[in-house]
Amino acid sequence: MAKQTVITMPGDGIGNQVLPEALRVLKVVGFNAEYIHADIGWECWRNEGNALPDRTIDLLAKHKLGLFGAITSKPNREAQAELGPELRGKGYVYYSPIVTMRQKFNLDVCMRPCVAFEGNPLNYIRKRVDGKFDEPKIDTTVFRQNTEGMYAGIEWTNPPENVRGALASHAKFKGFAHVAGPDLAVSVRVITRPAARRIVTAAFEYAKQRGFRGVTICEKPNVVRETSGMMEETAKEVAKNYPGIALWSTNIDAQLMWLNKNPEEYNVIVASNLFGDILSDAFAGLVGGLGFAASGNIGDEVAVFEPTHGSAPKYAELNPPIVNPIAMILSAAMMLDHVSEGAKAERIRKAIAAVVKQGKVRTYDMMRLSGGPKAIGQGAAGTVQMTDAILEELR
Ligand code: NAI
Ligand code: MG
């Protein structure tokens, strides 16, 4: 395998604790790579008025592969107050660097695997009629459209006259026509056919590669007829190219009920941005939550892999660190899959599975302890110790 260059963006808070752990694991599996650090996040905002500096964008554009930890973001008022004194009042506006990154590089396919590791005390269990418990083997990957839908960012409170005029041309707006501008907020849900096609195709390709029987499109086309309708219509069209794989369709509300009844029956789910975001968090909760939730943001050229958790500022200063590095390490494994190093990725997942199954080394979240400086004294493993256990399995 040719040497890869990976842009590492630890970001803020616990991003700085977990990302180095992933690099230790990548080294031990023999991933042939050079790592280039890039700045992102709150410090960049405070010092430069830009949470995603151009130099970081340039590095990603050049090398096309990124590993990202987490960032801190705060509401606008706090963001302005924390801006360096020389930058204040100069019109700097805080934008989430992750959202910007997704839009800039069109990282439109978001892949979020939610896979249960046997023996994880956080796994979902189900009571049986005989009073005993099932622990279903959940292996679900959510494909979330990452750039449009409800998160396209086209929204107003007090929409300008021309927007109101356009809205008024729709018969259904009559019921809102009397609402005063300042009392009216509108967010536009945009779905485009090419992006819908790309996310659905990614889901089917994955199902094919993993040998799954079906793909579920999860929308609400009976109510949100145009946008969910286009998602579903496109899914039907794409499904024709995969004769061996069924297309199932669920509504987002019913799906959230099904995931508590029979989550093991859903291996691949595809959805628009907001629904995919909700679904992936809901499924992640069944398999261990934030300490286990990995993700990939994948575009035509650039791909960035990150745990779904944030910077968890309240644990960022703890020494030794206590947070679970598994979500970050699984994200690094997804990066390996992406660069055709699937065997190495599989070794990492097997090593994590072994550590979880043995149950000797568990971070505080896996023990249902509250986090904080006392966790280690209560028997929890720290961040580094968890990685050590994984490395031990790999050696
Ligand atoms: P968070 O994900 O940072 O933390 C929520 C809670 O989840 C933590 O207090 C901790 O109890 C637990 N947790 C998170 N990661 C964990 C890990 N690896 N191991 C064990 N437990 C873990 O979300 P929160 O507190 O809502 O946000 C904190 C900051 O992070 C905010 O500034 C927010 O904007 C940002 N954020 C960034 C994201 C990103 O970088 N992708 C995603 C979500 C939030
Ligand atoms: Mg989310």
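Please read all numbers here as calculations on a predicted model, not as lab measurements. Order of listing sets the numbers, starting from 1, for every ligand and every atom in it.
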Kindly say whether Ala207 contributes a backbone atom to a donor-acceptor pair with the side chain of Arg213 at under 3.5 angstrom? no
We want to know whether Tyr242 and Glu205 form a side-chain donor-acceptor pair, criterion being a heavy-atom distance below 3.5 angstrom. yes
Classify the ring geometry of Phe292 against Phe117: parallel below 30°, tilted from 30° to 60°, perpendicular beyond 60°. tilted
Run the side chain to side chain donor-acceptor pair (under 3.5 Å) test against Thr201 and tell me which residues pass, sequence neighbours left out. none
Please tabulate protein-ligand N/O pairs under 3.5 Å for ligand 1, atom names and distances to 0.1 Å.
unit_1	atom_1	unit_2	atom_2	d
ligand 1	2 (O)	Gly310	N	2.7
ligand 1	3 (O)	Gly310	N	3.4
ligand 1	3 (O)	Ser311	N	3.2
ligand 1	3 (O)	Ala312	N	2.7
ligand 1	11 (O)	Tyr364	OH	3.3
ligand 1	18 (N)	His309	NE2	3.4
ligand 1	18 (N)	Asn324	O	3.0
ligand 1	19 (N)	Asn324	N	2.9
ligand 1	21 (N)	Tyr364	OH	2.8
ligand 1	30 (O)	Ile71	O	3.3
ligand 1	30 (O)	Ser311	N	3.1
ligand 1	30 (O)	Ser311	OG	3.3
ligand 1	32 (O)	Ser73	N	2.9
ligand 1	32 (O)	Ser73	O	2.9
ligand 1	34 (O)	Ser73	N	3.4
ligand 1	34 (O)	Ser73	O	3.3
ligand 1	34 (O)	Ser73	OG	2.9
ligand 1	40 (O)	Ile71	N	2.9
ligand 1	41 (N)	Glu306	OE1	3.4

Quiz item: cation-pi between Arg347 and Phe31, 6.0 Å / 45°: no
Drop me the distance from Phe105's CZ to Thr147's OG1, to the nearest 0.5 angstrom. 14.5 Å
